[in-house]
2 protein chains.
Amino acid sequence: MSQDSLDPSDWGAFRRAAHELLDACVDQLENARERPWQQVPQEVKDGYTITGTAIGETELANRLTSDVLPYHTGNTHPRFFGWVHGTGLPSGLMSEMVAATMNSNCGGRNHGALHMERAVIDWSRGVFGFPDNSSGVLVAGTSQGTVIALSAARLRALGPEVRKTGNGANTLRAYCGAGAHNAMRKAMELLGLGAGNLIRIPDADGTLDLAALKDAIAADKAAGHTPFAIIGTAGSVDRGTFDDFNSLADITAAHGLWLHIDGAFGAWTRLADAPYRALTDGIDRADSIACDFHKWMYVPYDCGLILIRNEHEHRATFAARPSYLAPLDEGLASGDPWYCDYGIDLSRGNRALKVWSALQAYGPDGLGQAITANCHRASELGTIITRAERMSLLAPITSNLVLFTADDTLAPAAQSDLNRAVAQHLQMTGHTVFSTTDFAGITCLRAAITNHRATAEDMQIAIDGTAAARALHLSK
Amino acid sequence: MSQDSLDPSDWGAFRRAAHELLDACVDQLENARERPWQQVPQEVKDGYTITGTAIGETELANRLTSDVLPYHTGNTHPRFFGWVHGTGLPSGLMSEMVAATMNSNCGGRNHGALHMERAVIDWSRGVFGFPDNSSGVLVAGTSQGTVIALSAARLRALGPEVRKTGNGANTLRAYCGAGAHNAMRKAMELLGLGAGNLIRIPDADGTLDLAALKDAIAADKAAGHTPFAIIGTAGSVDRGTFDDFNSLADITAAHGLWLHIDGAFGAWTRLADAPYRALTDGIDRADSIACDFHKWMYVPYDCGLILIRNEHEHRATFAARPSYLAPLDEGLASGDPWYCDYGIDLSRGNRALKVWSALQAYGPDGLGQAITANCHRASELGTIITRAERMSLLAPITSNLVLFTADDTLAPAAQSDLNRAVAQHLQMTGHTVFSTTDFAGITCLRAAITNHRATAEDMQIAIDGTAAARALHLSK
């Protein structure tokens, strides 16, 4: 580095090293099919230790190429179906170069990234049918979006003085389906409302049972509790099912509650073709929607979205700028909104750029077609499983999630052992990534197709690999 | 894009466009001095609107170059001293290319980025003198780190059942100095504890008055409130002062409370030379430390750190993995810790890589020397201001923060008007960025030197510009 700053003393050398590194990055994207997840060797792990020696940028680029790039999470591979992980996008390589160069702090002020975030929020508002005076902010992911939404819901229930007084002795209760995501629980804990006040309503065929919901609200009111929010799920964790948002909106309105939709991946079926688009009918009636761009919109990690129907409630929950953040009329310190007024973070990286870049490069239609294709792949996978010897689906396929067992002739405990062994073997060999979950009394295999690189052939290859791994395990 | 995926149909064209874009990025870094903040033209803003047309990656790269790169926050410029913004680093361009290519999800599992995050946490633990069984996680920034720390402090005060029951009717009280950051208030609000239960203790010469703190705790106990945390500030917002952490640790221990240190920028004086390093003496006695890598460690936005002394308390506050996240013995689903067990977010981008890359490229010593140099620049700026006609400092300079007025001969209201006008003029012309704050009865100019590109000459140029802007304003 130079004497005067941390900048390179030789910009030409830096530029050459950066171009070489870029080639390694493009190689990796272009050859994603040949580069599945692999175990990090012990010596590479050991080499990550920070020793204190400055190696300079050229050697850094070499180390990034040899010791870092190969050891990714695996979700860039066409047969990665674990958990619900997005694939990433080539546009993300471009956008992140630019983001790192600009180094924008998106908490507020008046600069390009904030205008771009407004464009992304405006577009999202249109997708979900939210009114012009709704607001939104990009966050790390749906977990954080849920915290923001339920925080605004709490303010509506307890009034703006809750910010000063805290929750007090009130027992605020929220309601969600049995298959709702764990982030709902974590948000209730964080807000000091208590996981015990998140009431899980039984499912009727994978969606929240409306009669049971009404009963629970009535019983809680009678017991002196204060219902404050209903949480609908767009894409449940295990089955990928969707609640009936229009009915939830009716119940919410009848009781003066807040309707939050957890649409981490499923919300984006709004961009898909029939019949998948209809899964989110009624989502426009929500008070808030949280979802991720890094899952089914494929943008690089991390990026989520929280939309709030009523901007006043959103701002009233979070805005708190002291004098050193007071705006000026013009210049860098002007502009509105400042996104720090809409959430937890004051300093914020530039998440809008990667979303904007994806929408520009591929268009909303291109992304929507990829989502539709993923649902088709899930359906094809289901057909292959149903036809395969001794394999079976554990639930009908609604969208992009497939639950199955590798051998339905075994006793439950043996099936669970087998499915865990198959998942491990396929991961370790880099063949395919399924995750596991507990469903219908066994640990089963779970495929979440949020992978724009997955082809129809990959579905057959994955199941052929599953059969081979089964044979290997059962022969032991 | 291709028929089968969102990947390019022509990888050669994609590669060429990416290399051209990289050159534009390196040009921008190399010429940072010629590229200050500038207003985004209306037609560029309008052009950010998402229309729905897919433009492809080559045209995307063109638009990023022409319409995006020029409109940064300005903190890459050598005379940006607004708020407390880091400069960014050339190593960040390299690390973010790699991060975008890998697209790692750092919530958990077993892959390179998690091992790297452990290396960064291990190194940070060493810097702050935390024990081997302490834990940490990278977050968006100190705001979120504060939420995590106070959440763990709450669990210690109320027991693990707080996760289920919520805060209940308890009045938990935290104590901080008058100059503590607004994020403390926002965290108390979010956790449902109430900003009214964050007790601001008066300052004695810029640091928390210890006698007043003891009195406040005693009075609250007598009134039936429950003290649970003391928050020490390493680098106050307005003055850059530091509380006496050893004394705070003694008081905390005497009352069985939690000691949290807000060290957003100031914590990193641990890496600086004398006398600045001693400002954080005693920080090793804290229960938790929150700080940012994107401020005074200069890494690209966003990246903060929360360290918790007792890993058990950290995990007990946040861990909650349902069956679909259950670990397997080996393969991708193995490994521990999973960082989702240490905080709010389940999906997490790869923040460790940019920190690791900076530490590798420049070394902890290189970064420490830049921090020391920034403190020297602040001191030099103070000398220049003191010698300048009609300008004066409003407070002694402790570290890197300088509060001053452009004309001490004017009445307070006129000084405030002048200082706001000067800040705006210098921003609008791209000359220098100061922010403003209210201090000692006026709106003053505030320079925070967390800029590794700022030279001694830049300090003189900034004040010459201030004098010229003053003349312009007063002649109106």
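Just so we're clear, the structure is a prediction, and the values are computed from it rather than from any experiment. Quick note: numbers below take in every heavy atom, side chains included, and nothing from hydrogens, waters or symmetry partners.
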Among the options [options], pick out the one with the most heavy-atom pairs lying under 4.5 Å from chain B.
options	answer
A320(A), A326(A), A140(A)	A320(A)
T49(A), T51(A), L359(A), L93(A)	L93(A)
V139(A), N75(A), T455(A)	N75(A)
H72(A), E189(A), K295(A)	E189(A)
P300(A), G112(A), A32(A)	G112(A)
Q39(A), Q28(A), H85(A), M188(A)	H85(A)

Contact origin within [X] toward chain B - heavy atom pairs under 4.5 Å:
X	result
N451(A)	neither
S357(A)	both
S91(A)	both
D329(A)	both
L353(A)	side chain
N182(A)	side chain
H115(A)	both
A17(A)	both
V68(A)	both

Check: Of the listed residues (T73(B), L426(B), D302(B), T437(B)), which shares the most heavy-atom pairs with chain A below a 4.5 Å separation?
Finding: T73(B)
When the side chains of residues 96-103 of chain A are checked against the rest of the protein, which donor-acceptor pairs come out under 3.5 Å, sequence neighbours left out?
residue	atom	partner	partner atom	Å
T101(A)	OG1	M97(A)	O	2.8
N103(A)	OD1	Y301(B)	N	3.0
N103(A)	ND2	G86(B)	O	3.3
N103(A)	ND2	T87(B)	O	3.4

Check: In terms of the angle between their ring planes, are H181(A) and Y324(B) parallel, tilted or perpendicular, with boundaries placed at 30° and 60°?
Finding: perpendicular
Checklist line | Under 4.5 Å from any heavy atom of chain A - which part of V44(B) | finding: neither
Notebook entry, point to check: Of the backbone (N, CA, C, O) and the side chain (C-beta and beyond), which part of R118(B) lies under 4.5 Å from a heavy atom of chain A, both, or neither?
Noted result: neither
Note to self: Under 3.5 Å, is there a donor on one side chain and an acceptor on the other for D7(A) and H452(B)?
What the structure shows: no
Margin query: To the closest 0.5 Å, what do you measure between CG (L346(A)) and CH2 (W83(B))?
Written below: 11.0 Å
